[in-house]
Amino acid sequence: MLEIPRVTENGNIGPVNSALVPRFGGAPTYALLPRLDEVAAAGQSADIKVVGVPFDAGVSYRSGTRFGSGHIRQSSRLLRPYNPATDTSPFAQVQVADAGDMAVNPFNIHEAIEAVQQDALDLTEDGASLMTLGGDHTIALPLLRAASQRAGEPVALLHFDAHLDTWDTYFGAEYTHGTPFRRAVEEGILDTEAISHVGTRGPLYGKKDLEDDRRFGFGIVTSSDVFRQGVDEVVGRLRDRIGNRPLYISVDIDVLDPAHAPGTGTPEAGGMTSRELLEIIRGLRGMNLVGADVVEVSPAYDHAELTGIAASHVAYDLISLMADLRAGRAEGAEGTQQTGETA
Ligand SMILES: N=C(N)NCCCC(=O)O
Ligand SMILES: [Zn+2]
Ligand SMILES: [Zn+2]
């Protein structure tokens, strides 16, 4: 095997050193990070684990998100180790590793959901935080089950999506990508004082969709709200609502406008820009983030890796939040975002 030089700081084994090895070659782990088994072979554990879920048996329109995690990894080769927006070096502050893909049954959605829950529990048994790359949105349900089990209480949820995903059934099926958050409320794994959708838009089946959603406890910041109120006000509202509760963040990449993320299965016009989404995520610094996913990337509909790049950057900023929190760097972080005013 050829020797792979890595950037290693503070004893944390980091990404392939792209000053010495072309970043466009070699195995596409997320951000060219080491695999979890390589980190384990060096006698270390990982604080943050990136895991893929190649699953799309829950979709109601275009398919193909089973290839999403691979595409996000392939589109993550250009990520660099320092995040100036938050003054974070996520891969140096803590150990981050790519745990590979979960072996989910493509023919049995119930088995797949069980497997995701169990694998998420196994991967977090040592206290690690999980950054999951989907896969369709069905997988948020078992991921939330595992997150609330680990937290020992129902978790707060920030759900970035064009869609509510609180519908009841499709063709009689309860477990689909349009229903995970209704199931999660029914199962009592969400803290319904602190759950919000962000970025919703587009036509619904009826007014009842919104009435049901409100009854479950969801707050809504629509895509238009983000445009009209601006990022800072939205961040303030979300922080107030959630406080220091254990927080799970689920990002359906279709929250972005199709201009920013064409590679997805149920696109809706009028979405957020990738800049707005990244800025909102950065504004959540210091919150008690216990897990996150980025889902619904469908590479066959992508162009020029637009969607893959957006998703890989969203995951990078989520990992930065986790790394800061775990490294104890995030205290009093509210309002400390770099604005570039020195330029
Ligand atoms: N993309 C997600 N997760 N859900 C969309 C469901 C839209 C529908 O079938 O009406
Ligand atoms: Zn969606
Ligand atoms: Zn969704």
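Order of listing sets the numbers, starting from 1, for every ligand and every atom in it. None of these values were measured; they are calculated from a predicted model.
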> Any idea which protein heavy atom is nearest atom 8 (C) of ligand 1, and the distance to it?
Replying inline: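 For this ligand atom, the closest protein heavy atom is Tyr170 OH, 3.1 Å.
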>> Determine whether the aromatic ring centres of residues His159 and Phe218 are separated by less than 6.0 angstrom.
In response: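 No; His159 has its ring centre 6.0 Å or more from that of Phe218.
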>> Taking 2.8 Å as the limit, list every protein N, O or S atom around the Zn ion (ligand 3), by chain and residue number.
In response: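 Checking every protein N, O and S atom gives His137 ND1, Asp161 OD2, Asp165 OD2, Asp252 OD2.
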> Evaluating non-hydrogen atoms only, which member of Tyr205, Phe181, Trp167, Tyr61 is closest to atom 10 (O) of ligand 1?
Replying inline: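 Nearest option to atom 10 (O) of ligand 1, by heavy atoms: Tyr205.
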> Are Arg282 and Glu279 ion-paired here, with the side-chain N under 4.0 Å from a carboxylate O?
Replying inline: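 Result for this pair is yes, salt bridge flagged.
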>> Salt bridge check, Asp212 against Arg215: does any charged N sit closer than 4.0 Å to a carboxylate O?
In response: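 Looking at Arg215 and Asp212, the cut-off is met.
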> Under 4.0 Å from any heavy atom of Asp254, which atoms of ligand 1 are there?
Replying inline: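 Going through ligand 1 atom by atom, the ones under 4.0 Å from Asp254 are 1 (N).
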> What atoms in ligand 1 come closer than 4.0 Å to a heavy atom of Ser60?
Replying inline: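 It comes down to these atoms of ligand 1: 6 (C), 7 (C), 8 (C), 9 (O).
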> Salt bridge between Arg183 and Asp168, side-chain N to carboxylate O under 4.0 Å?
Replying inline: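 A salt bridge is present here (some side-chain N lies under 4.0 Å from a carboxylate O).
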> Please, which pairs that meet side chain to side chain donor-acceptor pair (under 3.5 Å) have at least one residue in residues 99-114, sequence neighbours excluded?
Replying inline: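 For residues 99-114, and leaving out neighbouring residues, the side chain to side chain donor-acceptor pair (under 3.5 Å) pairs sorted by first residue read Arg73-Asp101, Asn105-Glu111.
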> What's the verdict on ring-ring contact (aromatic ring centres under 6.0 Å, His included) for Phe160 and His197, showing C-alpha distance, side-chain angles and the deciding distance?
Replying inline: CA-CA 6 Å; Phe160 294 87; His197 309 293; over 10 Å; no
> Any side chain to side chain donor-acceptor pair (under 3.5 Å) pairs touching residues 5-28, not counting sequence neighbours?
Replying inline: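 Pairs touching residues 5-28 that pass the test: Ser18-Arg23.
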> Who gets closest to atom 3 (N) of ligand 1 by heavy atom: Thr264, Ile253, Val59, Asp165?
Replying inline: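 Result: the heavy atom closest to atom 3 (N) of ligand 1 is in Asp165.
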>> Heavy-atom count check: over 12 atoms from other residues, nucleotides or ligands less than 6.0 Å from Glu193 CD?
In response: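 No - once you tally the heavy atoms of other residues, nucleotides and ligands closer than 6.0 Å, there are 12 at most.
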> Could you go step by step and tell me if Asp126 and Lys49 meet the salt bridge (charged side-chain N to carboxylate O under 4.0 Å, His left out) rule?
Replying inline: CA-CA 11 Å; Asp126 58 2; Lys49 297 172 184 169; 3.0 Å; yes
> Quick one: does ligand 1 sit under 4.0 Å from the side chain of His177, the backbone, both or neither, non-hydrogen atoms only?
Replying inline: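 It is both backbone and side chain that touch ligand 1.
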>> Connecting only ILVMFWY residues whose side-chain heavy atoms lie within less than 4.5 Å of each other, what is the rest of Leu210's hydrophobic cluster?
In response: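 Leu164, Trp167, Tyr170, Phe171, Leu204, Tyr205, Ile220, all in the cluster of Leu210.
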>> So if I count the atoms of ligand 1 from 1 in the order they appear, which ones are less than 4.0 Å from some heavy atom of Glu296?
In response: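 Listed by number with element, the hits are 1 (N), 2 (C), 3 (N).
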> Which atoms of ligand 1 sit under 4.0 Å from any heavy atom of His137?
Replying inline: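 Once the distances to His137 are compared, the set is 3 (N).
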> Cut-off 3.5 Å, side chains only: do Gln93 and Arg329 have a donor facing an acceptor?
Replying inline: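 On atom types as modelled, these side chains qualify, holding a pair under 3.5 Å.
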> Any idea which atoms of ligand 1 are less than 4.0 Å away from a heavy-atom of Asp252?
Replying inline: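 With Asp252 as reference, the close atoms of ligand 1 come out as 1 (N), 2 (C), 3 (N).
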> Going by the order shown, which atoms of ligand 1 are within less than 4.0 Å of some heavy atom of Thr266?
Replying inline: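 Taking each heavy atom of Thr266 in turn, ligand 1 has 1 (N), 2 (C), 5 (C) under 4.0 Å.
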